[in-house]
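Quick note: residue numbers are just sequence positions, from 1. No experiment lies behind these values; they were computed from the predicted model shown. Read the numbers this way: they start at 1 and go in the same order the structure lists the ligands and their atoms.
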Amino acid sequence: MDMEKVNSMGFSEFVDVFGNVIEKCPLVAAAVWSQRPFSGSEDLEKHFFDFIDALPRSGQEGILRCHPDLAGRDLQQGTLTAESLREQSQAGLTSLDADDRLRLQKLNAQYRERFGFPFVLAARLSDRAEVPQELARRLRCQPESELRTALGEVKKICHLRMADLLGADAARVE
Ligand SMILES: NC(=O)NC1=NC(=O)NC1=O
């Protein structure tokens, strides 16, 4: 998909296509649409990131809370979005044994208890061995820095989902 196509999208089509690059937060795409035209994929992505960065802390934490736990209830109940299911299965989280799944659930609960939002990590850049290690490591971080780290992971997830949608040919618009 090239940028001329993106820049020609009406509001509904734009939100249909980009509404889940930030998990379950179509508002971000709805807001970014009015910033068109975009000079390229980086410019488009930067508008998504700028929107997140400009939110008050409550809004940023809200974005994190829209993310399903890794190997959590949504995965067990089959209620993950298509993107999330693909990401979690690529990280090997859909085939954990009961012990590993329970360990991750306990760590997720401890993390949520400490920070007030779920542990978020770009699963496609991780794997079943690394996720619990990274969760345990970040559990020891300070809330301020952890919020920034978590939002950084949201941006990585957005970047990867955007790349899936745009493909390689979303070069700059001449
Ligand atoms: N809590 C999470 O990190 N969730 C997720 N990470 C991903 O990469 N996809 C998700 O659904």
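Here CD1 of I63 is found 6.0 Å from CD1 of I22. Values are rounded to the nearest 0.5 Å.
In terms of hydrophobic clustering, with Ile, Leu, Val, Met, Phe, Trp and Tyr side chains grouped at heavy-atom distances under 4.5 Å, L102 and L139 are assigned to different clusters.
Per-residue contacts place A122 under 4.0 angstrom from the following atoms of ligand 1 (heavy atoms of the residue considered): 8 (O). The atoms of ligand 1 that sit less than 4.0 Å from any heavy atom of Q88 are 11 (O).
The shortest distance between side-chain heavy atoms of D69 and D74 does not fall below 4.5 Å. F117 places a side-chain heavy atom less than 4.5 Å from the side chain of Y111. Two residues are said to be in side-chain contact when any heavy atoms from C-beta on lie closer than 4.5 Å; K106 and R101 fail this criterion. The closest side-chain heavy-atom distance from D53 to L151 is not below 4.5 Å.
The shortest contact between atom 6 (N) of ligand 1 and any protein heavy atom is with L121 O, 2.8 Å. The protein heavy-atom contact nearest to atom 5 (C) of ligand 1 is L70 CD2, 3.6 Å.
Backbone and side-chain nitrogen or oxygen atoms of S84 are examined, and one is located within less than 3.5 angstrom of a nitrogen or oxygen of ligand 1. Some N or O of F119 is nearer than 3.5 Å to an N or O of ligand 1, by distance alone. Residue P68 has at least one nitrogen or oxygen atom sitting less than 3.5 Å from a nitrogen or oxygen atom of ligand 1, judged on distance alone. Taking only nitrogen or oxygen atoms, main chain and side chain alike, A123 reaches within less than 3.5 Å of ligand 1. The shortest N or O to N or O distance between E87 and ligand 1 is under 3.5 Å.
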(request) Please lay out, stage by stage, how E23 and S84 fare under the test side-chain hydrogen bond (donor to acceptor under 3.5 Å, both in side chains). (result) CA-CA 8 Å; E23 180 73 2; S84 175; 4.5 Å; no

(request) Any chance you could lay out the salt bridge (Lys or Arg N to Asp or Glu O under 4.0 Å) test for R57 and E144, step after step, and finish with the verdict? (result) CA-CA 10 Å; R57 183 185 179 110; E144 270 313 305; 2.3 Å; yes

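Proximity of I157 to ligand 1, defined as any heavy-atom pair under 4.0 Å, is confined to the side chain (atoms from C-beta onward). The proximity of E83 to ligand 1, defined as any non-hydrogen pair under 4.0 Å, does not occur for either the backbone or the side chain.
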